[in-house]
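Here's the structure, in structure tokens; my notes come after.
Chain letters run A, B, ... following the sequence lines, proteins first and then strands; every chain starts at 1.
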There are 2 protein chains.
Amino acid sequence: MKLLDIGEVAERSGVAVSALRYYEDLGLITSIGRKGLRRQFGTEVLLQLSLITLGKAAGFSLQEIAGMFTKDGQPDLPRGQLHARADALEAQIRELTVLKDALRHVADCPAPSHLECPKFRKLLRAGSVTAEV
Amino acid sequence: MKLLDIGEVAERSGVAVSALRYYEDLGLITSIGRKGLRRQFGTEVLLQLSLITLGKAAGFSLQEIAGMFTKDGQPDLPRGQLHARADALEAQIRELTVLKDALRHVADCPAPSHLECPKFRKLLRAGSVTAEV
DNA sequence: CCTTGACCTCAAGCCGGCTTGAATTTTCAG
DNA sequence: CTGAAAATTCAAGCCGGCTTGAGGTCAAGG
């Protein structure tokens with residue numbers, strides 16, 4: 001199996017060298033061994049990094065992601081947790097959609113004060129972002 | 001006009017007292033004056049806080065939000081910026097949707113290794129979250 | 001009048017997720 | 001063989017957005 005220097009992992013994964021060391025500290029990835037001082041990574045680390053990046057984008061913390069790999073680096077994905085996160089993402093998507101519409105409305109509404117526009121207020125309320133004004 | 005103690009503003013806006021002081025430091029909100037030591041706020045601060053909360057939810061930084069109020073606290077919303085942010089939100093929504101689908105797929109796909117499932121890989125690529133594996 | 005609870009200021013701390021810097025060591029191309 | 005490029009460790013710093021703590025002040029109800 002071809003071994004990769006940390007720099008090559010960084011280049012191919014798009015993850016900074018310093019971040020890779022940090023991930024190794026956290027136990028998120030593992031180097032196969034050393035050549036002199038230098039860490040050597042197997043190519044499977046690239047797949048792991050894809051999953052890590054995916055997990056981060058989905059809003060998991062690094063700690064949570066760490067819990068999704070077994071000690072030997074195999075993904076071990078907790079179905080329930082994933083569905084829960086997917087549900088959370090759906091909720092977030094709905095929220096962001098409301099927000100986006102509110103933003104467009106604010107940008108385009110010719111009313112003197114948005115705060116008095118009933119449509120705008122309704123949008124806000126739909127987003128659970130409102131004080132008791 | 002009725003004046004509000006900071007505690008009442010906190011209660012009615014859902015924003016912590018410490019956060020309100022912080023916002024005042026940043027110039028995001030303004031107290032009308034003091035009664036003794038105590039800040040007194042006008043009720044319009046509640047509307048401002050709604051907008052601030054909205055802006056935060058939409059991903060604006062506090063600095064950016066500060067730029068959306070005139071010196072006298074009137075909203076002064078930069079249309080272009082709002083549309084740009086709405087566009088960004090749309091992009092984020094698309095990304096999150098892909099993510100959500102990927103998550104559901106991972107949770108349900110019976111394949112031994114998700115990393116080898118073509119459908120999963122396709123989902124990942126669609127989300128621009130992939131390394132050159 | 002006096003207590004008490006809400007308020008005040010200021011500096012420091014916390015969170016996650018890295019990045020940066022300094023001082024070294026090693027590898028590899030020429 | 002040599003010298004540059006790339007790697008190493010470790011501690012400290014940075015970011016935004018607050019929160020916390022210590023120590024002090026004050027207004028209003030009983």
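Tested against B:Ser31, the residues B:Glu24, B:Arg21, B:Arg39 include a single side chain to side chain donor-acceptor pair (under 3.5 Å) partner, B:Glu24.
Phosphate contact (OP1/OP2 of C:dT9, side-chain N/O of B:Arg34, threshold under 4.0 Å): present.
Taking atom CZ of residue B:Arg38 and atom C1' of nucleotide C:dC7, one finds them 5 Å apart after rounding to whole Å.
Interface residues of residues 59-69 of chain B facing DNA chain D, ordered by number: B:Ser61, B:Leu62; criterion, heavy-atom separation under 4.0 Å. Looking at residues 19-32 of chain A, you'll see A:Ala19, A:Tyr22, A:Tyr23 sit with a heavy atom under 4.0 Å from some atom of DNA chain C.
Looking only at side-chain heavy atoms (C-beta outward), B:Lys35 and B:Leu3 stay at 4.5 Å or farther from each other. Looking at B:Val15 and B:Val9, their side chains never come closer than 4.5 Å, going by heavy atoms from C-beta outward. Side-chain contact between A:Pro75 and A:Met68: absent, with no pair of heavy atoms (C-beta onward) separated by less than 4.5 Å. Counting only heavy atoms from C-beta outward, the side chains of A:Phe60 and B:Leu103 approach each other to under 4.5 Å. Under the 4.5 Å side-chain criterion, counting only non-hydrogen atoms from C-beta, B:Val106 is not in contact with A:Leu51. Put simply, the side chain of A:Ile32 reaches to within 4.5 Å of the side chain of A:Glu44, judged on heavy atoms. Two residues are said to be in side-chain contact when any heavy atoms from C-beta on lie closer than 4.5 Å; B:Leu20 and B:Val45 fail this criterion.
Comparing A:Asp5 and B:Val17, the nucleotide of DNA chain C nearest to each residue sits closer to the 5' end for B:Val17.
For DNA chain D, the contact window with chain A, defined by any atom under 4.0 Å from a protein heavy atom, covers D:dA6 to D:dT9 in 5' to 3' order.
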Give the C-alpha distance, both sets of side-chain angles, the deciding distance and a yes or no for side chain to side chain contact (heavy atoms under 4.5 Å, CB included) between B:His83 and A:Arg104.
-> CA-CA 6 Å; B:His83 272 301; A:Arg104 295 240 192 260; 3.0 Å; yes

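A continuous path of hydrophobic side-chain contacts links A:Phe41 to A:Leu26 [ILVMFWY only; heavy atoms under 4.5 Å].
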